[in-house]
Number of protein chains: 2
Amino acid sequence: MRTDETGGDPAARPRAGTGARTVGIKQVAERAGVSPGTVSNVLNRPERVAAATRERVERAIRDLGFVRNGSASTLRAGHSSTLGLLVLDLANPFFTDVARGVEETAGERGYAVILATSADSAERQARNIRVLAEQRVRGVLLTPVGDEAERADMLRERGVPVVLLDHPTPRASQCSVSVDDVAGGELAVRRLLDGGARDVAYVTGPASLRQCADRRRGALRALRAAGLGRDALRELTMPAMNPRAGHEAGQRLLADDRPLPDAVFCANDLLALGVMRALLAAGVKIPQDVALIGYDDIEFSAAAAVPLCSVRQPTYQLGRIATELLLEECDDPSGHAHQQVMFQPELVVRESSGGSA
Amino acid sequence: MRTDETGGDPAARPRAGTGARTVGIKQVAERAGVSPGTVSNVLNRPERVAAATRERVERAIRDLGFVRNGSASTLRAGHSSTLGLLVLDLANPFFTDVARGVEETAGERGYAVILATSADSAERQARNIRVLAEQRVRGVLLTPVGDEAERADMLRERGVPVVLLDHPTPRASQCSVSVDDVAGGELAVRRLLDGGARDVAYVTGPASLRQCADRRRGALRALRAAGLGRDALRELTMPAMNPRAGHEAGQRLLADDRPLPDAVFCANDLLALGVMRALLAAGVKIPQDVALIGYDDIEFSAAAAVPLCSVRQPTYQLGRIATELLLEECDDPSGHAHQQVMFQPELVVRESSGGSA
DNA sequence: GAACGGGGTTGACACGTTTTAATCGCTCGG
DNA sequence: CCGAGCGATTAAAACGTGTCAACCCCGTTC
């Protein structure tokens, strides 16, 4: 682990300021008394080079502090050893968990990850896809904004594998990894109905987000199963999905002419925490007056004022599996069979949803 | 915003499967009837090329769906238009907020960001620095693990500007942007003492983290100012700084032979939320039995079971300023004057710290 | 009318690596 | 003792872009 192995040649390291041109494969070759090609072999197919030479080269690499130039490498190879990860919102712990799974899996295989955020904006997504295309990333993990998944076709046409993350696709031409959001929505609302609720509110983000739309469908399905019409669902569509927007939604519920709903289902925990704060501040009791369920089961939900009942998704696994599929496709584009993986969510019962029934 | 401007030539776009070799500056040049050099000029110094030709070239670019090859560009130019951002822990909202500031600022200036996580591990930090060096990033924003800031010297020696993030440095040879953690710790503990506490616990992460050490120093300073010795501070050093570790710490306090402390100061909000959960679960009243203060004022703290009193840092600003300094140095390495910026934290008073005094 | 000047454009080379075909030095079987 | 064969190494040709000096064309000046 020590790094001071420079050996007897202190002048070897490149100096900071002037002089000491960048050290490349060429300088290493010269110092080791071999040709540049051999150095390249040491780096990429060590088994093809004799032990003695390899050692000499490795020594020279250390002495000179050589670091391979990724651009040149990428240029020559036609693709980099970098993956792109484009998520909707970094501020949402759901995505950072996914990112953790991606980063670790990629790291194990020697890939770096370029992480970028769409911030729910199709324009930013397009810009980021462009950047990734320029960087000639090896593959891309994409959480598409709305139905803009087609943007990714630009990448696939260029031969860049794309795996859709948290977004199922009917198309057999690509991989996708997702969680059944319809089932999740149904799970949540069924729980609320079982607790006796009849007037349910759904606090959600932009309808263009598939996640929101699917969870809503699940909610409606649960209502139908209970013999209720879709007008039993009071919908509040917010422009963002953060606690602030949730707080705003909560205040809107309070200000409404109608009485408060029996229960509130939020499209994610961030919204739910905001709603909770607004309601509690107004003296509303949770779950006695209003039951509340969120989605994602982020780490903070358990520690909320009233522990938040939520729908858990296998986030880390999501990132890991998606990355494995992507790398599999990268390694063998032709022999790769596309898969549409769909996980099932799980209800995490906590106080906010009421009676333990 | 529409993208279907392809014009009258549907055969122009590269086909998906076979054929249609990668389209480069050369193909664009041919189609536009100019030389590759001119295309390059259109891309990099549009003002140098006549309006008519430029338009023709831009048309060809759209028709062919050309995307500049970043690797070739980087190789030739000697540096990329990518910044590296190396943070301690993506799961901590503090860092995602910083990252947001970085990404937006960089994006405005046309830079992409490679985001990587050290996960508090010096080894992973070293690996990531190496990757960034290989990618020939233009500059690096680094939140060093412990005192491992020297690792960054490898980058600076290579001519890659480095700005230390959330880490002050005495060295005038580089920029740093940070928040006064000693002051923050003092702020927090003074508040607890003002509330009447005499027996204070400090729940912290690895002592190797500068943030933890500095906040501790601030805490001790506040104690001293109140005429108390350092033995008035009961310290619990946890291996991680997440809610789980906090919960563990809370249970340890409960299991201790000694009575519960009057107050607990946590090195960050994640720990504090964990401690809170453990204490509340055991029937301990906050703040009546034990007062509690966290650090970072993450978004979820306000919505906690007992709204969490915390020390706020200007996270987004931190990221923004750091990026601006970095880009300034990138643009003009010689004319750049290094700065050590230090923000002051701010106490956000909430219920968990007790009496509104 | 010739020299001059300047904006626009071109051509060719360089960037650092990977890769392929060719070369070198040896050993071994005939 | 010679040639085949083999492993290790090398020389050279790409990869796609940026840059810079040279060049061309056309209008201006003396």
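Being a predicted model, the structure only gives us computed values, none of them experimental.
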Interatomic distance where CD belongs to B/Gln27 and P belongs to D/dC15 [whole Å]: 10 Å
A/Arg156/A/Glu329 salt bridge by N-O under 4.0 Å criterion: no
N/O (side chain, B/Thr53) to phosphate O (OP1/OP2, C/dG8) under 4.0 Å: no
d(CG, B/Asn41; C1', C/dG8) in whole Å: 9 Å
Rounded distance in Å - CG (B/Leu75) to C1' (C/dT18): 12 Å
Candidates C/dT17, D/dT10, C/dA14 - which lies nearest the side chain of A/Thr38: D/dT10
Interatomic distance, A/Ile25 CD1 vs D/dT9 C1' [rounded to whole Å]: 14 Å
Base C/dT18 paired with A/Arg76 side chain (donor-acceptor, <3.5 Å): yes
Phosphate OP1/OP2 of C/dG16 contacted by A/Thr22 side-chain N/O (<4.0 Å): yes
Whether B/Ser118 side chain and B/Ser121 backbone form a donor-acceptor pair below 3.5 Å: no
Note: A/Asp153-A/Arg158 ion pair, threshold 4.0 Å (strictly below): no
N/O (side chain, B/Asn44) to phosphate O (OP1/OP2, D/dG18) under 4.0 Å: yes
Closest to side chain of A/Arg68, choosing from C/dT18, D/dT17, C/dT19: C/dT18
Phosphate OP1/OP2 of D/dT19 contacted by B/Arg45 side-chain N/O (<4.0 Å): yes
Rounded interatomic separation in angstrom, taking CD from A/Glu30 and C1' from C/dT17: 17 Å
Length of the CG-P vector between B/Asn69 and D/dA14, whole Å: 18 Å
Whole angstrom value for the distance that separates C1' of C/dC15 from CD of B/Glu134: 17 Å
Side-chain donor/acceptor of B/Gln125 to backbone N/O of B/Thr117, under 3.5 Å: no
Side-chain heavy atoms of B/Ile114 within contact of A/Leu115, under 4.5 Å: no
Sugar-phosphate only, base, or nothing, as touched by A/Ala50 at under 4.0 Å among non-hydrogen atoms: sugar-phosphate
C/dT18 OP1/OP2 closer than 4.0 Å to side-chain N/O of A/Ser73: yes
Touch class at under 4.0 angstrom, heavy-atom based, for A/Gly37 against every strand present: base
Interatomic distance, A/Leu43 CG vs C/dT19 P [rounded to whole Å]: 12 Å
Sugar-phosphate, base or nothing in reach of A/Val39, heavy atoms under 4.0 Å: nothing
